[in-house]
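Inspection log for the structure reproduced underneath, given as structure tokens.
Note that the coordinates shown come from a computational prediction; the quantities given were computed from them, not determined experimentally. FYI, side chains are in, hydrogens and waters are out, and symmetry mates aren't considered; it's all heavy atoms of this structure.
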Amino acid sequence: MTAFNGEDEVVELCRDLIRIDSTNAGDNAGPGERAAAEYVAGKLAEVGLEPRILESDDKRANVIARIEGEDPGRGALLLHGHLDVVPFDAGDWTHHPLSGEIADGCVWGRGAVDMKDMDAMILAVVRQRLSEGRRPPRDVVLAFTADEEAGGEYGAQWLATEHRNLFEGCTEAIGEVGGFSVSVGEARRLYLIEAAEKGIAWMRLAAAGRAGHGSMLNSENAVTELAEAVARIGRYDWPVRLTPTVRAFFSEAFEIELEADDAEAAVAKLGPLARMIGATLRNTANPTMLDAGYKANVIPQTATAHVDGRFLPGYEEEFFATIDELLGPNVTREFVYHDIAVETAFDGPLVKAMAGALQAEDPGARAVPYTLSGGTDLKAFSRLGIRGFGFAPLKLPADLDFSGMFHGIDERVPVDSLRFGVRVLDRFLDSC
């Protein structure tokens, strides 16, 4: 078998994946993930694996493969990455988002950080190891999923429900979003490993009233009722709630025993990182859409709105109790999408393996846990009893606004960061 070099391959693998349009607008009407899945399956088959492509719907394709480890009696490790990406407006970009262009030392394109970079790193590491005859210490299950950007109904959720046997024996997992570096001060590099993520509550609010002429008095105006509820939610000052992972982040990163009264000031000192960490101090609920009426002089009978709610691990009940109080008696809510929060302790052999692999490639690395304000496929896999972390290792330039790349314009990942990630993941698999 031809030997492959992961560092040499990873950039082209990433570019190839970016060039495959797998845009997911959440309406199941896009190109789907089939082309990307076939590409991934082909690369895995070249090194002797027998990947399975599983479609949950037309073109909504997932890839699953298992690598036999040296000790199959140990719990298996799941490596997962999604193949879909969010939509884009190409006119806003410096380089076309499907070009995979290399410029200024980076690979540009939609998915460069979310998360075709990690898909490429997994492929590169697996291809190198198998072509060299190096098996991992335990079984490794590879999952490249569809539909993560719309909640995973056609991807991880479907797999965990309909094909849970493929994850037999899996006890731990790594995926997005973590393992990336954040420079603090002149010489410190923190590597943020996701150990928790907020739950999701996308809600549709509705108010009903009495339709009528716009020129007349109307005390049952659905638009007014809804607008007042939306304003109450949007302006509500959610209290600080310090979860174990948030406390651990400040303790591990800054040796601070954080208290609620000091949390805002501590986060404010984090620079660009404050956007990500600040959202994990409390539950949030942001109004995002409004819809009512069909003519300027007609009071409509109904009005609707959408709210993006995110709740901390352990605070789901408090979140919904507060939302229902803010809605008032005349506005109802229903779920557009609802999923759990997850959290795990930042300890154990897998954490040591991640930290050790980072430090071996970057002696200045300090691995710290953090909470992701968004959500990933880990939610679905956690229902199978799998303990997971976000670990897609990247050593990044201090001036790169990495968190701003997620779903943003001019998404890009440094070439050197991809190669770094391959080296780290290779070391990690040796010791996991």
Side-chain angles (χ1 to χ4, degrees), residues 21-34 36-37 54-64 78 80-88 110-111 113-116 118-119 143-164 166-167 173 175-178 194 196-205 279-280 283-289 304-313 316 319-320 323 333-343 371-384 386 388 390 392 406-408:
D21 186 2
S22 54
T23 305
N24 180 6
D27 56 5
N28 200 28
E33 298 84 5
R34 180 76 198 197
L54 301 168
E55 280 193 342
S56 53
D57 200 2
D58 184 36
K59 297 181 292 186
R60 308 312 302 272
N62 305 268
V63 182
I64 305 291
L78 171 63
H80 61 95
H82 62 84
L83 297 173
D84 62 323
V85 298
V86 295
F88 53 81
R110 179 57 88 216
V113 301
D114 188 14
M115 63 171 293
K116 290 180 175 179
M118 178 61 165
D119 295 335
F144 297 86
T145 63
D147 198 38
E148 190 276 343
E149 296 293 1
E153 177 184 354
Y154 297 98
Q157 289 194 48
W158 178 76
L159 289 169
T161 302
E162 302 296 329
H163 295 278
R164 61 184 302 143
L166 297 177
F167 304 96
E176 57 173 356
V177 177
E194 184 210 306
E197 57 188 52
K198 294 174 83 172
I200 301 174
W202 296 342
M203 297 171 286
R204 179 181 181 272
L205 313 183
T280 66
N283 296 329
T284 59
N286 287 308
T288 55
M289 297 171 64
T304 62
H306 286 74
V307 172
D308 183 344
R310 310 283 174 142
F311 51 87
L312 292 164
E316 181 174 1
F319 173 81
F320 286 116
I323 288 291
R333 64 172 171 86
E334 63 180 8
F335 289 125
V336 176
Y337 179 71
H338 177 215
D339 211 342
I340 59 174
V342 294
E343 185 169 33
T371 300
L372 179 67
S373 60
T376 74
D377 280 340
L378 174 59
K379 296 181 187 299
F381 296 128
S382 71
R383 291 189 173 94
L384 301 179
I386 298 173
F406 286 84
H407 299 190

How close do [X] and [Y] get, counting heavy atoms only, and between which atoms?
{"X": "T23", "Y": "D21", "value": "OG1-OD1, 2.6 Å"}
{"X": "H82", "Y": "D119", "value": "O-OD2, 2.8 Å"}
{"X": "F320", "Y": "A201", "value": "CZ-CB, 3.7 Å"}
{"X": "L312", "Y": "A341", "value": "C-CB, 4.1 Å"}
{"X": "E316", "Y": "H338", "value": "OE2-NE2, 2.8 Å"}
{"X": "A150", "Y": "G26", "value": "CB-CA, 3.8 Å"}

>> Going by the rule salt bridge (Lys or Arg N to Asp or Glu O under 4.0 Å), which residues pair with R60 if we only count those two or more places apart in sequence or in a different chain?
In response: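 R60 satisfies salt bridge (Lys or Arg N to Asp or Glu O under 4.0 Å) with E33, D147 only.
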
>> Checking R383 now: which residues fulfil salt bridge (Lys or Arg N to Asp or Glu O under 4.0 Å) with it, not counting sequence neighbours?
In response: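 Once residues adjacent in sequence are excluded, the partners of R383 under the salt bridge (Lys or Arg N to Asp or Glu O under 4.0 Å) criterion are D339.
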
Quick check against the 3.5 Å criterion: does [X] have a side-chain atom that pairs as donor or acceptor with the backbone of [Y]?
{"X": "R110", "Y": "P87", "answer": "yes"}
{"X": "K379", "Y": "I200", "answer": "no"}
{"X": "D84", "Y": "E149", "answer": "yes"}
{"X": "E176", "Y": "D114", "answer": "no"}

> Taking it one step at a time, do I64 and F167 satisfy side-chain contact (heavy atoms from CB on, under 4.5 Å)?
Replying inline: CA-CA 9 Å; I64 305 291; F167 304 96; 4.0 Å; yes

>> Set out, in order, the CA-CA distance, both residues' side-chain angles and the distance that settles side-chain contact (heavy atoms from CB on, under 4.5 Å) for E148 and M115, then state yes or no.
In response: CA-CA 10 Å; E148 190 276 343; M115 63 171 293; over 6 Å; no

> Which word best sums up how the rings of F311 and F319 line up, parallel for under 30°, tilted for 30 to 60°, or perpendicular for over 60°?
Replying inline: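 Rings of F311 and F319: tilted, 30 to 60°.
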
Kindly compute the distance separating [atom1] ([X]) from [atom2] ([Y]), expressed to the nearest 0.5 Å.
{"X": "L78", "Y": "F381", "atom1": "CG", "atom2": "CZ", "result": "5.5 Å"}
{"X": "T280", "Y": "R310", "atom1": "OG1", "atom2": "CZ", "result": "13.0 Å"}
{"X": "I386", "Y": "L378", "atom1": "CD1", "atom2": "CG", "result": "8.5 Å"}
{"X": "D308", "Y": "Y337", "atom1": "CG", "atom2": "OH", "result": "11.5 Å"}
{"X": "L372", "Y": "E194", "atom1": "CG", "atom2": "CD", "result": "4.5 Å"}
{"X": "E153", "Y": "T161", "atom1": "CD", "atom2": "OG1", "result": "10.5 Å"}

>> Run K116 and S22 through side-chain contact (heavy atoms from CB on, under 4.5 Å) and show every step you take.
In response: CA-CA 11 Å; K116 290 180 175 179; S22 54; 2.9 Å; yes

Once side-chain contact (heavy atoms from CB on, under 4.5 Å) is applied, do any residues pair with [X], and if so which ones, sequence neighbours excluded?
{"X": "A61", "value": "R34, A37, I53, E55"}
{"X": "E343", "value": "A196, T243, P244, T245, P313"}
{"X": "H163", "value": "L54, W158, L159, N165, L166"}
{"X": "A36", "value": "I20, L83"}

> Where do W202 and R204 land on the side-chain contact (heavy atoms from CB on, under 4.5 Å) test, with the steps shown first?
Replying inline: CA-CA 7 Å; W202 296 342; R204 179 181 181 272; over 6 Å; no

